[in-house]
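Notes follow the structure.
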Amino acid sequence: MTSQGGGWILLLSCFSCVWETEPWKTNRNATEPPPVVIWHGMGDSCCNPLSMGFIKKLVEQEIPGIYVLSLEIGNTIAEDMENSFFMNVNDQVNLVCNILSKDKKLVNGYNAMGFSQGGQFLRAVAQRCPSPAMVNLITFGGQHQGVYGLPHCPGVSSHICNWIRKMLNLGAYSSPIQEHLVQAEYWHDPLNEDLYRNKSIFLADINQERGMNESYKNNLMKLKKFVMVKFANDTMVDPVASEWFGFYKAGQAKDTYALQESVLYQEDRLGLKAMDKARKLEFLSTNGDHLQFSKEWFINNIVPYLK
């Protein structure tokens, strides 16, 4: 639900080296705002008037003349929603990279906003597909270290959500489930870290947990800003710390660690430590539940990154 008068926006979704050259400094007209690319979350679609459609319209109102691309994964709205549950994430990222590379309006770079699972998906785009250049990446409730639970799944029916929970509990890391169930691809079991690292076909890869892909690190570090929004009262993402790159400490599912305490940060596997020192990381927090914030909060805290 949204409120044009400044009430809460509840988006229907659940659960992207410091270089001498800067790719965002291009020949774009100084008065022309950089384009924005949006990727929705689970159970949502590109154009829902209560979620992504509302955000697209709000950005267009606040930044006149801006080009906003809200990604549709499929040929119809129904396919877009279905694919948020059942289309292999690596295939989705490849599809989006192809869409962005062919969009002439993005050739000089763009800003990106990922909502819930769309956040880590757009981070994968930044790491895997550096052209066109992503300038700023903003993730809203993104599960950067994955999830260990699926509460309040906003599926098109309770039957779908119940089936997904059953599949995750039965075998999140079995090959058929990994290949065909989106949420399994960022399922992170802190009780069995070795199984997760060996079998996760998406998250363990983009988080450099099976080896080092230097291009992932180098590409992510090209960002001007990486902004992570955490929802302090989030009842969907388990654990909430994942939204700032934290997670459960290994061997249990109660105590969490922060990004700065992680091996990922300490060994600088993604360049996040260097980006932090260069003040490229921004950690924002709001008191709402998952993807719940006011229109004024968005305008004051997010729109400046889009100009």
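Note that the coordinates shown come from a computational prediction; the quantities given were computed from them, not determined experimentally. Only heavy atoms go into these numbers, but all of them, side chains included; no hydrogens, no water, no symmetry mates.
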Exercise for the section: May I ask whether L220 and F283 are part of the same hydrophobic cluster, defined by side-chain heavy atoms of I, L, V, M, F, W, Y residues being less than 4.5 angstrom apart, directly or through others? Expected result: yes
Practice task
Among N94, N213, N90, N219, find the residue that satisfies the side-chain hydrogen bond (donor to acceptor under 3.5 Å, both in side chains) test when tested with R128.
Solution key: N90
Exercise for the section: Check whether any side-chain heavy atom of I302 sits under 4.5 Å from a side-chain heavy atom of L284, and report yes or no. Expected result: yes
Handout entry: Output field: ring centroids F231/F140 closer than 6.0 Å
Key = no
Exercise for the section: Using side-chain contact (heavy atoms from CB on, under 4.5 Å) as the criterion, point out the one residue from K217, M275, K277 that pairs with D268. Expected result: K217
Practice task
Report, as yes or no, whether the 6.0 Å neighbourhood of atom NZ on K230 holds more than 12 heavy atoms from other residues, nucleotides or ligands.
Solution key: yes
Handout entry: D194 bridged to R197 by N-O distance under 4.0 Å
Key = yes
Exercise for the section: Report yes if some heavy atom in the side chain of V229 is under 4.5 Å from a heavy atom in the side chain of E243; otherwise report no. Expected result: no
Exercise for the section: Could you tell me whether the side chains of N198 and Y173 share a donor-acceptor contact shorter than 3.5 Å? Expected result: no
Exercise for the section: Using only heavy-atom distances, determine whether the side chains of Q117 and Y186 contain a donor-acceptor pair under 3.5 Å. Expected result: yes
Handout entry: F86 vs H180 side-chain heavy atoms within contact, under 4.5 Å
Key = no
Handout entry: Distance-only polar pair, side chains of H40 and N48, donor-acceptor under 3.5 Å
Key = no
Handout entry: Results of side chain to side chain donor-acceptor pair (under 3.5 Å) for R210 - residues two or more places apart only
Key = none
Exercise for the section: Decide if the gap between the ring center of W39 and the ring center of F115 is smaller than 6.0 angstrom. Expected result: no
